[in-house]
Amino acid sequence: METHLIQMYMRLANEFARTFDSLFHRIQSSMILKFILGLFWHLLHIAVSLVHIWSYVIQQLRCYIISSGLFAKYRNFSLSRLRYLAVIVDSQEAKHTAKIKQLLSWLSAIGVKHVALYDAEGVLKKSIDFGQTRLRDRSAGTCLDGDVNCVTSLCNYEEMSIELLSFTDGKEGIAKAASFLCSDYLKNDSDDCGRTETLFTEANMTKALKAVGYYGPEPDLLLVYGPARCHLGFPPWRLRYTEIMHMGPLKSMKYSAIVKALYDFSKKYQNYGS
Amino acid sequence: MEENGKSITSSLLRSVSRFLRNCLFAMLSFGPMPNHIAFIMDGSRRYAKNRIVQQGTGHRVGFKVLTSTLQYCYEMGVKYVTVYAFSIDNFKREPAEVQSLMDLMKEKIDELLNRESIVSKYGIRINFWGNLNLLTEPVRLAAMKAMTATAKNTGPVLSICVAYTSTNEIMRAVEKAWEEKRKEIEQMDSAISVGDLERHLYTANCPDPDIVIRTSGETRLSNFLLWQSDYGHLQNRHPLWPEFCLRHLIWAILEFQRVYPYLQERRGWCKKEG
């Protein structure tokens with residue numbers, strides 16, 4: 001009797017499961033219910049927008065407090081860990097060169113010495129004028145290891161060295177360095193056979209990038225100015241352990257937001273996988 | 001009798017929960033859904049430390065979270081999921097910890113191939129991306145077995161990055177491109193192109209990730225999918241990986257849907273230039 005009851009209950013549970021599944025499939029095919037689901041989707045996104053508005057208000061308050069100088073920690077923190085800073089700007093916003101120069105002035109005032117400026121379409125390379133001749137254009141093979149000045153397309157502005165980058169400095173640079181490695185192997189093949197296992201190493205790729213003029217130091221911190229937190233094709237070889245922070249659109253940039261980002265960076269700890 | 005009653009109740013509750021989840025996913029699907037989500041599963045050790053339990057416990061809970069997250073992703077219609085399980089840099093950890101992680105990996109790979117596992121349920125194809133020669137023999141064999149056993153599956157794709165770094169992947173692609181194009185380079189002074197490298201990355205048959213989620217609040221990519229994540233939405237979620245749950249995943253999808261038009265526009269520009 002008990003066994004019979006148990007079997008009946010199990011069948012009932014399976015029936016319920018099948019009913020729910022079938023109901024769900026019917027819901028999917030019904031136009032009216034699709035409309036209702038769409039309505040709920042929009043309501044869900046309205047709720048998400050409200051959360052973002054609230055976060056924005058909190059952020060503005062924080063910026064106001066930081067700029068008022070109430071907290072000493074935001075005035076006195078060390079930038080010793082920040083050897084190289086990168087800034088990504090959306091290409092549409094990169095056309096506002098006055099804003100870019102304002103940003104660079106702020107970075108210089110805080111004490112940043114080396115900056116890489118990136119926009120995917122190369123708008124900055126074409127339009128920005130720092131009022132001085134470039135210190136160095138793309139040139140190959142003149143670099144020392146670990147030298148932050150060992151970059152291509154270097155300018156000087158507000159006592160900072162500025163490197164201008166675009167999408168073509170990323171994957172295409174790696175492809176050119178790969179071709180360089182291969183042609184270098186072919187030239188020396190007769191002298192030293194069977195080198196392939198020692199040829200295709202990361203260290204050799206770094207040397208090849210220097211040789212073809214696509215080398216640059218790895219930024220410690222990357223600030224992304226744009227609608228989304230996305231690196232938009234920044235040279236992948238230089239992004240391994242870079243801290244990436246989203247700053248919002250360039251048009252609403254704030255000095256105190258940069259101070260907060262640099263302060264947060266100074267408190268970061270990296271164990272590099274160990 | 002009581003135990004059977006409990007199992008019937010839990011079966012009913014699971015059915016109701018699945019129905020509600022399906023309604024929620026149907027609502028989300030009204031907007032653009034990601035095709036490929038990548039996870040940097042960070043925070044298992046911190047989870048164990050915070051709860052004053054053994055490190056292995058954090059990783060075991062992390063594995064359970066992985067299977068439930070995979071289930072939610074596949075129920076939502078996400079076709080590709082990639083997870084960063086073990087970096088080449090992680091070999092720098094204490095040998096005892098590395099060995100226990102290797103043992104856990106072998107155990108969990110074998111579990112995934114069970115008949116009752118999520119792999120069988122959804123017909124998942126498993127890939128292991130990384131320098132598998134660096135793994136211990138039992139893990140490497142288990143990984144090869146899992147890839148062979150699921151090679152013909154036509155369901156969603158799970159790619160597990162072990163002994164992986166993006167720079168190592170790029171160098172492997174350079175070597176493969178060299179092997180493929182050696183004669184052309186020798187005879188016709190041809191060069192290696194971006195397309196040649198992309199054909200030999202692990203992700204050659206897989207779309208680029210739409211979302212890259214890192215848990216535990218860290219803001220760096222730690223040498224993960226640097227080449228492929230150009231136009232992926234980079235998200236850092238505060239919960240530790242073992243604390244990641246459905247609501248965090250839903251929030252990640254909603255955030256992705258907000259920025260989708262911008263990312264699509266940028267991706268479109270990149271394709272046009274390419």
Side-chain angles (χ1 to χ4, degrees), chain A residues 2 6 9-10 12-14 16-17 20-21 23-24 27-28 34 37-38 40-41 44-45 48-49 52 91 120-121 167 170-172 174-176 178-179 181-183 185-186 196 200-202 205 226-233 236-237 239-246 268 270 272-274, chain B residues 1 4-5 8 11-12 15-16 18-19 22-23 26-28 30-31 87-93 165-168 170-172 174-175 177-178 182 185-186 191-194 196-197 219-223 226-227 229-235 251 254-255 257-259 262-263 266 269-270 273:
Chain A
E2 277 183 14
I6 288 160
Y9 282 131
M10 292 296 291
L12 200 61
N14 286 335
F16 268 121
F20 279 128
D21 278 342
L23 180 62
F24 177 71
I27 284 170
Q28 278 192 310
K34 266 185 186 165
L37 284 175
F40 276 118
W41 181 83
L44 204 50
H45 272 278
V48 172
S49 298
H52 276 270
S91 294
E121 292 177 27
F167 192 79
K171 293 177 182 178
E172 278 183 35
I174 292 175
K176 285 180 181 163
S179 296
L181 266 182
C182 297
S183 54
Y185 171 77
L186 284 173
T196 49
F200 298 111
T201 62
E202 292 177 34
M205 174 56 84
R229 186 164 175 266
C230 178
H231 67 76
L232 299 177
W237 205 258
L239 263 186
R240 292 177 309 158
Y241 304 107
T242 306
E243 304 285 349
I244 302 171
M245 294 191 189
H246 183 219
K268 283 271 178 192
Q270 277 212 36
Y272 297 98
S274 59
Chain B
M1 179 75 175
N4 285 323
I8 290 163
S11 174
L12 273 171
S15 299
V16 170
R18 196 170 71 215
F19 173 73
N22 285 341
C23 287
M27 195 178 7
L28 278 181
F30 195 78
S87 162
I88 292 177
D89 296 327
N90 294 148
F91 282 108
K92 289 187 251 176
R93 293 182 180 178
T165 57
S166 195
T167 43
N168 183 266
I170 293 169
M171 288 321 299
R172 177 186 169 276
V174 170
E175 190 169 356
W178 157 250
R182 181 173 180 160
I185 296 171
E186 277 174 343
I192 289 178
S193 67
V194 170
D196 293 328
L197 294 178
T219 56
R220 53 192 179 271
L221 289 173
S222 293
N223 217 337
L226 303 177
W227 184 284
S229 56
D230 293 11
Y231 296 99
H233 191 213
L234 309 178
Q235 300 186 11
W251 189 258
L254 288 168
E255 293 278 20
Q257 290 179 338
R258 275 171 66 87
V259 300
Y262 170 73
L263 293 175
R266 296 281 98 216
W269 170 84
C270 177
E273 291 300 303

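Numbers restart at 1 for each chain; the letters A, B, ... are given by sequence-line order, proteins then strands. The figures that follow rest on heavy atoms only: side chains count, while hydrogens, waters and symmetry mates do not.
- The minimum heavy-atom distance linking M27(B) with L37(A) is given by the pair CG-O, 3.4 Å.
- For H233(B) (side chain) and A228(A) (main-chain N/O), no donor-acceptor pair under 3.5 Å exists by modelled atom type.
- Note: W237(A) CH2 to M171(B) CE = 5.5 Å, rounded to the nearest 0.5 Å.
- Nearest heavy atoms, T242(A) versus R220(B): O-CB, 3.3 Å.
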*Could you go step by step and tell me if E255(B) and H52(A) meet the side-chain hydrogen bond (donor to acceptor under 3.5 Å, both in side chains) rule?*
CA-CA 10 Å; E255(B) 293 278 20; H52(A) 276 270; 2.9 Å; yes
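- Side-chain contact check for Q257(B) versus V48(A): every heavy-atom pair is 4.5 Å or farther apart.
- When heavy atoms are compared at a cutoff of 4.5 Å, Y231(B) approaches chain A by way of both its backbone and its side chain.
- When side chains are defined from C-beta on, H246(A) does not count as touching Q235(B), because their heavy atoms never get closer than 4.5 Å.
- A distance of 6.0 Å separates SG of C270(B) from NZ of K171(A), quoted to the nearest 0.5 Å.
- Between C230(A) and G232(B) the shortest heavy-atom distance is SG-O, 3.6 Å.
- Residue contact with chain B, scored on non-hydrogen atoms closer than 4.5 Å, involves the side chain of F167(A) exclusively.
- In this structure, the portions of L232(A) lying under 4.5 Å from any heavy atom of chain B include both its backbone and its side chain.
- Between L181(A) and W178(B) the shortest side-chain heavy-atom distance does not fall below 4.5 Å.
- Of all heavy-atom pairs between S193(B) and A175(A), the closest is C-CB, 3.8 Å.
- Atom CZ of residue R182(B) and atom OH of residue Y185(A) lie 4.5 Å apart, to the nearest 0.5 angstrom.
- If you tally non-hydrogen atom pairs under 4.5 Å between each of T165(B), I185(B), L254(B), V259(B) and chain A, the highest count goes to L254(B).
- Ranked by non-hydrogen atom pairs under 4.5 Å with chain B, the options H45(A), R240(A), R229(A), E202(A) are led by R229(A).
- When E121(A), M245(A), K268(A) are compared by the number of non-hydrogen pairs under 4.5 Å with chain B, E121(A) comes out ahead.
- Of the inter-residue distances, the one linking I244(A) atom CD1 with L221(B) atom CG reads 4.0 Å to the nearest 0.5 angstrom.
- Of all the heavy atoms in V174(B) and M205(A), the pair that sits closest is CG2-CE, 3.9 Å.
- Residues P227(A) and R258(B) are not in side-chain contact: their nearest non-hydrogen atoms beyond the backbone lie 4.5 Å or more apart.
- Most heavy-atom pairs under 4.5 Å with chain A: of the set I88(B), N168(B), L197(B), L226(B), this distinction falls to L226(B).
- Note on T219(B), D89(B), N90(B): by heavy-atom pairs under 4.5 Å with chain A, the leading option is T219(B).
- Between W41(A) and F30(B), the angle of the ring planes lies from 30° to 60°, which puts this pair in the tilted group.
- Atom CH2 of residue W251(B) and atom CG of residue L44(A) lie 8.5 Å apart, to the nearest 0.5 angstrom.
- With a 4.5 Å cut-off on non-hydrogen atoms, S49(A) touches chain B through its backbone and its side chain both.
- Contacts with chain A were tallied for D196(B), L263(B), I192(B), T167(B); T167(B) has the most, counting heavy-atom pairs under 4.5 Å.
- Ranking S179(A), G170(A), S183(A), S91(A) against chain B, the residue ahead of the rest is S179(A), based on heavy-atom pairs under 4.5 Å.
- For F91(B), the CZ atom counts as densely surrounded, since its 6.0 Å shell holds more than 12 non-hydrogen atoms of other residues, nucleotides or ligands.
- Atom CG of L239(A) and atom OG of S229(B) lie 7.5 Å apart (nearest 0.5 Å).
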